[in-house]
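I have placed the structure first, in the form of structure tokens, so that the comments after it can refer back to it.
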Amino acid sequence: MMEGHCTCGAVRYRMTERPLFTHACHCTWCQRETGTAFALNAMIETDRVQLLLGNVEEIDTPSASGRGQVIARCPACKVALWSHYAGAGRKLAFVRVGTLERPGDCPPDIHIFTSTKMPWVTLDGRVPVVPEYYRAKEMWPDWALARRAAVLAGG
Amino acid sequence: MEGHCTCGAVRFRLEREPMFTLACHCTWCQRETGAAFSLLTLIERSAITPLSGRVEEVTVPSPSGQGQVVRRCALCKVALWSRYGAAGPGMAFVRVGVLDRPGAFAPQVHCYTSTKQSWLVLDGSVPVEPEWIDDAKYWSADSLARQNRLQDLGAAG
């Protein structure tokens, strides 16, 4: 099980299962939100993200789709821990990999929106690289697709 | 060069070329960005002109023990720039990703690569340091002079 926390330590959480799929997203929105070259987001069912300490504050934030996202931040240090995007809604959480205690456990499964990748960032081709978005059915392993279908079908 | 937060409330402008740009792979920067490394360009605070919006300052711990003050949009909370206790109050560490043309700021060095994500490839085109960098080794003479002036101002109170 993977645990993570914010910078000040007021919020701690645990992923109770391995995440479904991890994106390195090079879109300009992710660059702005993270302040860096790309975001690193591990997707997981929200009910498998368990708060161990503290509570998050949810900030409604615009997103590239125009439909917005909710970013869960530590109320004290404001560091972002995960997001919910309009597409899958609150059933899926996009956990910021850098907040995990062992972020190396979640390497990217794909690089997306590389049409706006910073020119100096080198990708070695070990995982798929797509200029924009992609279809999960074509990229995700069967077990992850099954879990996603189950959570999206739930109430 | 201008920059802004995600909701657009806060906009600012850099009035001159920054002194230095680095990618920091320390675990603190990974946590703060939520990503694999931070990308920071260093400029005098006095060279950042606020254009709109309200920022809030959030003081957080930092690995030096001297703390960091992060300036965030008061509405969307996205981080814009920081000052670190260890670098003095006059130096701003601007998050490159919030600038309008972030691709214009490539890192001049990668630091703290002892904790770099193992999947991440660095192509060797810029120096790589396992821990912190010796500024005198990597900064231009002009940038070192600007840094010295800031430290003199800081010492003068």
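Keep in mind that this is a model prediction, so the values were computed, not measured. Chain naming here is simple, since letters A, B, ... match the order of the sequence lines and numbering starts at 1 in each.
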Axial cation check for A:Trp140 ring with A:Arg148, 6.0 Å and 45° limits: yes
Heavy-atom pair with the smallest gap, counting every atom of B:Met1 and B:Asp100: SD-N, 4.2 Å
Heavy-atom closest pair, residues B:Arg31 and A:Val79: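 So the minimum-distance heavy-atom pair works out to O-CG1, 3.6 Å.
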For chain A, find which of [options] contributes the most heavy-atom pairs closer than 4.5 angstrom.
options	answer
B:Pro107, B:Ser118, B:Ala36	B:Pro107
B:Pro102, B:Gly3, B:Gly103	B:Pro102
B:Lys77, B:Gln30, B:Lys116, B:Glu32	B:Lys77
B:Pro61, B:Cys29, B:Ser125	B:Pro61

With a 6.0 Å cut-off on ring centres, are [X] and [Y] close enough?
X	Y	answer
A:His23	A:Phe113	no
B:Phe20	B:Tyr138	no
B:Phe37	B:His25	yes
A:Tyr13	A:Trp82	yes

So which of [options] has the biggest tally of heavy-atom pairs under 4.5 Å with chain B?
options	result
A:Met118, A:Arg96, A:Lys78	A:Lys78
A:Gly9, A:Ala24, A:Gly104	A:Gly104
A:Cys8, A:Ala37, A:Ala80, A:Pro108	A:Pro108
A:Pro103, A:Ala39, A:Pro107	A:Pro103

Please classify the contact of [X] with chain A as side chain, backbone, both or neither, using a heavy-atom distance under 4.5 Å.
X	answer
B:Ser38	backbone
B:Val78	both
B:Cys5	backbone
B:Gln68	neither
B:Leu40	neither

Residue part contacting chain B, namely of A:Pro62, when any heavy atom lies under 4.5 Å: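 The answer is both parts of A:Pro62.
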A:Gln69 side chain to A:Thr61 side chain, donor-acceptor N/O pair below 3.5 angstrom: no
